[in-house]
Amino acid sequence: MKLLILGGTAWLGHHTAVAALAEGHDVTCAARGSSGEPPAGADFLRVDRDADDGLAAAAQEHWDAVIDVSRQPGQVRRSVRDLRAAAGFYVFVSTGNVYASQREFGQDEDAPLLAPLAADVMESMESYGPAKVACEQAVTDGFGDGSHAIVRAGLIGGPGDTSGRSGYWPVRFAQGGSVLVPDVPNQPTQLIDVRDLAQWLVLVAEQRTAGVFNAVGETLPFSRHLAEAASAAGGREPDARDSRVADSALPPITVPAPPQWLSEQGVNQWSGPRSLPLWLEDPDWHGMNARSNARAHSAGLQLRPLRQTLKDALAWEEAAGVGRPRGAGLTLAEEHDLLVRLADADSLLPDGT
């Protein structure tokens, strides 16, 4: 297969190029080149997708398939316009943020979407969902039935995750000591390994699997995610006892804190500085981590165990340096301060409460 990846130098695009090369495909990565280098064995086409004629050179060749990870509607509209005649199949990587509601559990691909962004440029992450809806519409309008796939990815994790969302918990358990966690044992979590997603994108392109798909991991309670992270940090292999651990059972070294108390202390949710990653207090967002992946599974999506993803994320974090500024989580000093405050608050409670 002669494959054009619009990107291929950053995280998901790079893994997708690696997966395609491993299958023996002829891979070209088209990008500015500012995010890194394409993998060895891939051709590189330097392009500026913000320019009206940025893909002129790519449009002069025939491609069996194109894989596009852009979030900017203008870029996708131009690529569809310029590559419609040159590409046999178009795979667009979208997001679960396109859905109008993030509350419902088990939501499939037929759920209502947000209104599309009219502008060509997404100015901030607040417009991320509408921007991706606009990108989807451009692909759907430009490529007829049977010649495109829309892949709505969920939270992506694993080695190379600079956001820190998949690496924080295994790193923290590996560091030892008491680990502060939000007391939300049953809140859903859902994580897909970047390598599993990349391999499946190549499969979709190979088999020309048309349709719309939720490419998401398995839904697990927060407590189970923490248990898997603790096991990944300890280097233990999965066994029968681990697989039967109650979903509400937290690792013994965790210190659960009430969500309201955490918010009062200025601890952020989900990601970013001074945060506890993956925690979402608002139930209106819990469905974001409990979407159906049945359609993708039927189309060949295979998922490795979460523990392996977290173990590999930990290895990457340690190689990169766990003491560096990170995209999510608490510093050890912040966590220590919070643990002291929580202990002081608990000491003021009446006996027996």
Side-chain angles (χ1 to χ4, degrees), residues 125 155 157-189 191 220-235 247-286 288-289 306-307 309-311 313-353:
M125 287 304 294
L155 177 63
D161 179 12
T162 58
S163 80
R165 288 175 295 194
S166 62
Y168 175 78
W169 292 112
V171 165
R172 185 59 196 87
F173 284 115
Q175 290 170 325
S178 298
V179 180
L180 183 70
V181 304
D183 191 9
V184 289
N186 296 315
Q187 180 210 298
T189 66
L191 181 73
L220 295 175
F222 203 106
S223 57
R224 181 64 181 275
H225 186 103
L226 294 176
E228 295 294 335
S231 294
D247 287 338
S248 61
L250 288 166
I253 59 173
T254 56
V255 180
Q260 183 177 350
W261 182 88
L262 289 170
S263 296
E264 291 170 351
Q265 307 307 310
V267 179
N268 294 312
Q269 303 172 42
W270 189 247
S271 65
R274 194 177 169 79
S275 68
L276 288 175
L278 309 188
W279 164 43
L280 286 169
E281 187 173 2
D282 188 350
D284 283 346
W285 285 93
H286 286 182
M288 180 178 71
N289 292 315
L306 174 63
R307 189 175 314 195
T309 297
L310 299 179
K311 187 175 182 179
L314 170 60
W316 179 84
E317 291 275 5
E318 290 177 336
V322 297
R324 75 193 195 285
R326 305 173 70 250
L330 301 171
T331 66
L332 289 177
E334 289 170 339
E335 184 185 36
H336 176 74
D337 176 63
L338 289 164
L339 286 169
V340 170
R341 291 190 203 178
L342 183 62
D344 289 345
D346 288 343
S347 69
L348 298 176
L349 293 174
D351 291 341
T353 63

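Side chain of S178 to main chain of I253: no donor-acceptor pair is present (N/O by atom type, distance under 3.5 Å, no hydrogens or angles). Under a 3.5 Å cut-off, the side chain of Q187 and the backbone N or O of L278 do form a donor-acceptor pair. Using modelled atom types, one side-chain atom of H286 and one backbone atom of L280 make a donor-acceptor pair closer than 3.5 Å. A donor-acceptor pair is defined here as one N or O able to donate and one able to accept, closer than 3.5 Å; no such pair exists between the side chain of W279 and the backbone of F222.
Remark: T309 OG1 to L314 CG distance equals 12.5 Å, nearest 0.5 Å. Of the inter-residue distances, the one linking L220 atom CG with T189 atom OG1 reads 5.0 Å to the nearest 0.5 angstrom. Distance CG/L330 to OH/Y168: 4.0 Å, rounded to 0.5 Å.
Nearest heavy-atom pair across A328 and G164 is CB-C, 4.0 Å. Of all heavy-atom pairs between N268 and P273, the closest is ND2-O, 2.9 Å. The shortest heavy-atom contact between P170 and A233 is O-CB, 3.4 Å. The minimum heavy-atom distance linking W169 with P182 is given by the pair CH2-CD, 4.2 Å. Here the closest non-hydrogen pair linking S166 and G157 is OG-CA, 3.5 Å. Nearest heavy-atom pair across K311 and A232 is N-CB, 3.6 Å.
Judged as a salt bridge (Lys or Arg N to Asp or Glu O under 4.0 Å), the pairs with a partner in residues 157-173 (not counting sequence neighbours) are, in order, R172-E335. Contacts classified as salt bridge (Lys or Arg N to Asp or Glu O under 4.0 Å) and involving residues 261-283 (residues at least two apart or in different chains) are not found.
Taking a 6.0 Å sphere around CH2 of W261, one finds it holds more than 12 heavy atoms contributed by other residues, nucleotides or ligands.
The one candidate from L180, D337, L262 that meets the side chain to side chain contact (heavy atoms under 4.5 Å, CB included) condition with L342 is L180.
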* Is there a side-chain contact (heavy atoms from CB on, under 4.5 Å) between R224 and L306 once you walk through the steps? -> CA-CA 10 Å; R224 181 64 181 275; L306 174 63; over 6 Å; no
* Asked: Taking it one step at a time, do L155 and M288 satisfy side-chain contact (heavy atoms from CB on, under 4.5 Å)?
  -> CA-CA 9 Å; L155 177 63; M288 180 178 71; over 6 Å; no
